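Chain A is the first sequence line, chain B the second, and so forth, proteins listed ahead of strands; every chain is numbered from 1. Note that the structure is a prediction, hence the values are computed from the model and not measured.
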Amino acid sequence: MIDISLIREKPEWVREQIARLGDEKAPIEDILAADARRREIILEVEDLRRRRNESSKQIGGWMGAIKKLENELKLTTTTGQPAGEIESRLNALHQQMDEAKDDTRRLGDRIATLEEELRATEAKIDEKMLWVPNLPHESVPYGPDDSYNIAYQPQGAPLPTFDFEPKAHWDLGPALGIIDFDRGVKLSGSRFYVLRGAGAHLQRAVIQFMLDYHTNNHGYTEIYPPFMVRSAMFVGAGQLPKFVDNIYRDAEEDYMWLGTAEIALTNLHRDEILEESDLPLNYVAYTPCFRREKMSAGRDVRGIKRGHQFDKVEMYKFTTPETSYEHLDLLVKHATDICEALELPYRRIEMVTGDLGFAAAKKFDVEIWAAGCQEWLEVSSASNCEAFQARRANVRYRPADGGRPRHVHTLNASGLALPRVMIAILENNQLADGRIRVPNALRPYMGGKEIIEPID
RNA sequence: GGAGGGAUGGCAGAGUGGACGAUUGCAGCGGUCUUGAAAACCGCAGUGGGCGCAAGCUCACCGGGGGUUCGAAUCCCUCUCCCUCCGCCA
């Protein structure tokens with residue numbers, strides 16, 4: 001969520017920014033109107049509430065006085081003193097109090113009506129705000145769609161060359177017996193596969209290698225989160241309400257399966273006020289990810305590139321606003337460090353405004369080269385969401401100088417996505433006979449295995 | 001799944017209809033004292049919203065939502081979460 005005061009104070013500028021993103025549906029006009037009405041109501045309802053508070057207090061005082069007089073009255077019956085004067089004072093007080101009660105009740109009715117409208121108005125604002133995308137950082141180049149993204153020169157290992165025709169993983173895997181597409185489809189339908197033997201082992205090795213690398217060399221703290229979380233967490237991370245079509249959810253209970261560990265990590269410090277000295281918080285988590293892929297129906301159906309279930313190691317940071325862009329660079333570096341260590345050719349992509357997505361203010365992708373399918377594969381997407389997610393999930397920190405709490409900045413980057421790393425490892429390291437050379441960095445995690453041989 | 005008990009400020013823990021946004025302790029910040037520190041003592045301290053250039057004024061918040069009442073941390077309903085016991089289970 002962006003800061004509503006930006007919309008209130010600079011609506012024209014906000015509209016321009018959103019136009020650069022290509023988002024035509026952001027309900028800025030509705031928000032402006034509801035926000036104005038909201039403040040009108042608040043002004044009136046608070047005045048009424050103040051009057052009710054004063055009146056109630058006064059009634060309380062009279063109640064005390066009445067009790068006192070009633071006690072005096074009791075005494076007069078035992079002492080035989082005349083009670084007339086006390087009785088008339090009591091009557092006057094009762095009358096005064098009853099009138100005040102009636103008046104105050106009417107105030108209360110009016111307050112209740114206004115409060116109902118206020119609730120409805122605020123609910124409307126909240127709901128509409130959830131549909132407003134994050135605004136681009138000023139450094140993001142303008143471009144209407146992903147074809148305008150900036151691809152930087154390839155880095156890392158050189159593009160592999162072969163003295164034979166390199167095969168794609170969907171041929172290599174089944175031939176070696178390490179990827180079983182048919183049985184995956186039998187179990188769960190299209191976009192599912194089974195990893196077997198050295199294939200399953202290789203994926204587990206890559207996961208463990210990445211987790212070790214980020215924790216040991218980059219100082220991240222490993223997190224094992226729930227794989228299904230409440231829908232409110234999806235709202236916090238910016239997946240809901242907009243991307244409801246991409247989410248798997250439980251039919252009976254309010255559980256949704258993570259589409260990325262980012263959703264759990266964003267909400268790890270939900271409703272907390274962190275200390276500035278705790279920042280930055282650097283987390284890394286391995287989780288499976290589940291996506292319905294309705295948007296990309298029919299695309300990338302071959303191989304393991306895009307499935308309904310895939311594994312990913314995710315990096316996540318909570319930082320101060322002043323340092324978040326340094327950390328974005330770090331995240332990209334940490335993602336590409338993995339590419340380097342696994343001897344994979346990679347390139348960085350800088351996203352233009354039209355391809356930023358909903359939550360990011362700035363985004364870089366990392367792509368690796370797969371020699372078999374002859375394609376650059378996206379294995380990481382590093383985003384600085386600034387305060388967008390922090391506002392939705394209510395994650396703040398107290399500045400070291402003791403000032404008011406401020407929203408943290410949150411950043412995420414894959415580190416990396418497993419299937420595509422698997423594709424590149426298999427395709428780039430294939431030998432003429434279809435066996436696979438295991439990259440050096442993974443051998444300790446593969447029991448020293450140097451070559452993946454065919455299995456039955 | 002069944003029965004019961006809970007949820008109060010950063011933490012601990014009082015408060016059962018009106019002077020309570022809330023006693024107290026610890027932790028925090030400032031000060032006195034001290035060569036310095038500790039201790040002791042004094043003081044300041046929550047979050048969010050509205051109005052205002054500001055000083056400030058004001059409203060709300062005792063797990064969430066609803067209700068009763070002139071008035072709710074306190075009474076009623078409901079939801080969520082936590083704890084204990086029983087059952088079942090990896």
How long is the line joining NE2 of His94(A) and P of C70(B), in whole Å? 15 Å

Expressed in angstrom and rounded to an integer, what is the separation of Arg396(A) atom CZ from G48(B) atom C1'? 8 Å

Arg406(A) charged N/C atom sitting above Tyr397(A) aromatic ring, 6.0 Å / 45°: no

Nucleotides 56-69 of chain B: protein proximity per nucleotide (B base, S sugar-phosphate only, - neither; heavy atom, under 4.0 Å): --BBS-----S---

Partner of A19(B) by Watson-Crick or G-U wobble geometry, both contacts under 3.5 Å, or none? none

My understanding is that only one of Val379(A), Asp311(A), Leu202(A), Leu377(A) makes a side-chain contact (heavy atoms from CB on, under 4.5 Å) with Val421(A); could you say which? Val379(A)

Below 30° counts as parallel, above 60° as perpendicular, anything between as tilted: where do the rings of His218(A) and His334(A) land? parallel

N/O (side chain, Arg230(A)) to phosphate O (OP1/OP2, C81(B)) under 4.0 Å: yes

On a whole-Å scale, what distance lies between the P atoms belonging to G4(B) and G63(B)? 22 Å

Would you mind pulling out the nucleotide paired to A60(B), Watson-Crick or G-U wobble, both distances under 3.5 Å? U47(B)

Answer for the Watson-Crick or wobble partner of U80(B), both distances under 3.5 Å, is A7(B)

Look at the aromatic rings of His308(A) and Phe192(A) and report parallel, tilted or perpendicular, splitting at 30° and 60°. tilted

Using a heavy-atom cut-off of under 4.0 Å over every strand shown, decide if Ile59(A) touches base, sugar-phosphate, or nothing. base

Under a 3.5 Å limit for both distances, which nucleotide forms a Watson-Crick or G-U wobble pair with A12(B), could you say? U24(B)

Under a 3.5 Å cut-off for both contacts, is U74(B) paired Watson-Crick or G-U wobble with anything, and if yes, with which nucleotide? none

Contact class for Met63(A) vs. all strands (heavy atom < 4.0 Å): base, sugar-phosphate, or nothing? base

Which label fits Phe209(A) and Tyr213(A): parallel for a plane angle under 30°, tilted from 30 to 60°, or perpendicular past 60°? tilted

Asp35(A) CG to G49(B) P: how many Å, rounded? 12 Å

Return the value, rounded to whole Å, for the distance between atom CZ of Arg406(A) and atom P of U47(B). 15 Å

Provide the distance between the two C1' atoms, one in G67(B) and one in G17(B), to the nearest whole Å. 16 Å

Counter-base of G36(B), judged by Watson-Crick or G-U geometry with both distances under 3.5 Å: none

Considering only atom P, compute the distance from C41(B) to C26(B) and round it to an integer number of Å. 9 Å

Separation of G9(B) C1' from Asp271(A) CG (nearest whole Å): 15 Å

Considering the options Arg191(A), Arg420(A), Arg306(A), which one meets the salt bridge (Lys or Arg N to Asp or Glu O under 4.0 Å) requirement together with Asp300(A)? Arg306(A)

Pairwise P distance for C81(B) and C76(B), with rounding to whole Å: 22 Å

Taking atom C1' in both G6(B) and A90(B), compute the distance separating them and give it to the nearest angstrom. 29 Å

Considering only heavy side-chain atoms of Arg398(A), the closest of C51(B), U47(B), C70(B) is U47(B)

By nearest atom, which of the nucleotides G48(B), G50(B), G18(B) is closest to the Ser56(A) side chain? G18(B)

From the set C70(B), G50(B), G48(B), return the single nucleotide nearest to any side-chain atom of Arg8(A). G50(B)

Steps toward salt bridge (Lys or Arg N to Asp or Glu O under 4.0 Å) verdict (Arg37(A), Glu40(A)): CA-CA 5 Å; Arg37(A) 177 63 189 145; Glu40(A) 252 174 45; 2.6 Å; yes

Length of the line joining Arg39(A):CZ and G52(B):C1', which is rounded to integer Å: 13 Å

Rounded to whole angstrom units, what separation is found between the CD1 atom of Ile273(A) and the P atom of A45(B)? 18 Å

Across every strand shown, the nucleotide meeting Watson-Crick or G-U wobble geometry with G1(B) (both distances under 3.5 Å) is C86(B)

What interatomic distance, in whole Å, is found between C1' of U84(B) and the corresponding atom of G31(B)? 48 Å

Side-chain donor-acceptor pair present, Tyr325(A), Glu386(A), cut-off under 3.5 Å: yes

In whole angstrom, give me the gap between the P atoms of U23(B) and G15(B). 14 Å

Base partner of G30(B), which must satisfy Watson-Crick or wobble distances under 3.5 Å: C42(B)

What is the minimum heavy-atom distance between Phe388(A) and Val132(A), and which atoms define it? CE1-O, 3.4 Å

Tell me: OH of Tyr397(A) to P of G10(B), nearest whole Å? 18 Å

The answer to which of Arg38(A) and Ala100(A) contacts RNA chain B further toward the 5' end, by nearest nucleotide, is Arg38(A)

Which whole number of Å gives the distance between the C1' atom of G71(B) and that of U16(B)? 16 Å

Other residues, nucleotides, ligands: >12 heavy atoms within 6.0 Å of Arg20(A) CZ: yes

